[in-house]
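Data block below; observations after.
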Amino acid sequence: MLDIRWIRENREKVEASLKNRGASFDLEGLLSLDEERRRLLQEVEALKHERNVASDEIGLLLREKKDTTSKKEEMKAISQKIASLDEKVGEISKKLDYLVLIIPNIPHSSVPLGEDSRANKEVRSWGKPRKFSFKPKTHLELLEHLGIIDFKRGAKVTGAAFPLYVGDGAKLERSLIQFMLELHTGKHGYQEISPPFLVNRESMTGTGQIPKFEEDMYRLKDDDYFLVPTAEVPVTNLHRDEVLEEKELPLYYTAYTPCFRREAGSYGKETKGLTRVHQFDKVELVKFTHPDKSYEEHEKLLKDAEEVLQLLEIPYRVMLLSTGDLGFAASKCYDIEAYAAGTGTYLEVSSCSNFEAFQARRANIRFRSKSTKASQFVHTLNGSGVALARTVICLLEHFQEEDGSVLLPMALRPYMGGQERLTTPPR
RNA sequence: GGAGAAGUGGCAGAGCGGUUGAAUGCGGCGGUCUUGAAAACCGUUGUCCCGCAAGGGACCAGAGGUUCGAAUCCUCUCUUCUCCGCCA
């Protein structure tokens, strides 16, 4: 969320941001509501002052055992007026609060201008797409051959696009999670968190998933809880409504959670296989930083995520998202796209974003500055480190052999109990 | 799930209709003393909103209500603790 005062004073910047993002928003309506709210606030606060003064007087009169009925009558009328004005202010504030929550963040100056993903910029790439001496299979063919994911039974147990991992598939999933967590906690200095997989409305609002994207989230019917769409939500909200010490910053957290996404509106698109599923595993990286350091930390976070793919020896490219493709809450975002050799396409396996104070303001996450002694908002960042389902696709397709077996990258073997290869299980 | 108790400033803990934004202690910050430190002593110390300012408003878990006036009374919700039940 943006600061309403800042919006008031930087109208052109907000307009430019909305235009560059291709977002529609009634800025005019917001500003006039803001003006009306302030006008009413002044009116009602003057009345409240009058009431406070009169109440003190009544207290004094009572102590002197004097009559207070006329004064009380007078104040009764004022109290009624206050109540009706308060109600008006409340209504306007509610509208205003909603509007402020659905304005997207301002893109950073280094973000390329553009309408959509076509304007994204490739920052760098790592590894070379493998040259095959045979026709590589797609992950669907490999999964079928290896028998490590049972989509049919997943659909029976729950519904379409809920993958059910079997045998080596389940083991591979577990090993990847373990491998990533070990890398980030050991080498990169993140603290591991194992958070709840259900979060409340305040948390979802804090990181920006709602109110704007509520229909994309799974919600429980009887309790106002949501299934986490990403570990970003519980981990960022760890410090909601807290004032951190400046010397604690930056804070680094990593967490594994399954991620639940309704993917409403994307039916028919990539619905087969693991590319777009309702539940997938992900190891997430989250940082809380000093505002002066967030862009530096952003680059480091990206490198931490990249290292996962490097150790897994999967070729990838890093894309800097354009204003039109940038997520709602982000100021700047890099996507890591891993190469899927079977189809010759790139799949997004990580999104590394700097939200600046956008989430911190919503979630009220501040730190006390030693020098100024005042509290100010931290900057929050996060990135996938990395998302599993699509990484599994790229891993299988990249390391496949002609006979349909899959060689495992060296880095993963210790986590697979020394296993070197995925093969068709014996019957 | 049932019964009971409680939620007050960074922490501990008073207050239970009217100079209480909130006693007191600890902590924090500044100072005196000291070669330095500790101790002792003195002072100071919440957040948010409106306003150019002067100033004003709000906040005692959260949301409503009663009242001229609510941290204090009433209702609901949430959280914590104790006991019982159930259960990985």
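Here is the naming used below: chain letters follow the sequence lines, and residue numbers restart at 1 for every chain.
- Looking at heavy-atom distances under 4.0 Å, L62(A) makes contact with a base.
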Identify each atom pair where a protein N or O and an N or O of nucleotides 76-81 of chain B are less than 3.5 Å apart, giving names and distance.
none

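- Listed by first and then second residue, the side chain to side chain donor-acceptor pair (under 3.5 Å) pairs involving residues 201-214 of chain A are N200(A)-S203(A), R201(A)-E214(A), R201(A)-D224(A), S203(A)-R240(A), T207(A)-Q209(A), E214(A)-R219(A) (not counting sequence neighbours).
- Side-chain proximity of R37(A) to the nucleotides C49(B), G51(B), C68(B) is greatest for C49(B).
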Side-chain donor-acceptor distances from residues 84-92 of chain A under 3.5 Å, at least two apart:
unit_1	atom_1	unit_2	atom_2	d
S84(A)	OG	K81(A)	O	3.2
D86(A)	OD1	K48(A)	NZ	3.4
D86(A)	OD2	K48(A)	NZ	3.4

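- Comparing A71(B) with C86(B), their C1' atoms are spaced 38 Å from each other, to the whole Å.
- Here I58(A) lies in heavy-atom contact (under 4.0 Å) with a base.
- Applying the salt bridge (charged side-chain N to carboxylate O under 4.0 Å, His left out) criterion to D150(A), with sequence neighbours excluded, gives R153(A).
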Quick test: give all pairs of protein nitrogen or oxygen and nucleotides 56-58 of chain B nitrogen or oxygen below 3.5 Å, distance rounded to 0.1 Å.
unit_1	atom_1	unit_2	atom_2	d
G56(B)	O3'	H49(A)	ND1	2.8
G56(B)	N2	E45(A)	OE1	3.0
G57(B)	OP1	H49(A)	ND1	3.0
G57(B)	OP1	N52(A)	ND2	3.0
A58(B)	OP2	N52(A)	ND2	3.3

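- Among the heavy atoms of the strands lying under 4.0 Å from R5(A) are primed sugar atoms or P, OP1, OP2 only; no base atom is included.
- Residue-level contact check: K71(A) touches neither bases nor backbone, having no heavy atom under 4.0 Å from any strand.
- Sorted by first and then second residue, the side chain to side chain donor-acceptor pair (under 3.5 Å) pairs involving residues 92-102 of chain A (not counting sequence neighbours) form an empty list.
- Here E9(A) pairs with nothing under the salt bridge (charged side-chain N to carboxylate O under 4.0 Å, His left out) rule; sequence neighbours left out.
- Take K293(A) and apply the salt bridge (charged side-chain N to carboxylate O under 4.0 Å, His left out) test, not counting sequence neighbours, and it matches no residue.
- Remark: E337(A) engages R317(A) in a salt bridge (charged side-chain N to carboxylate O under 4.0 Å, His left out) (not counting sequence neighbours).
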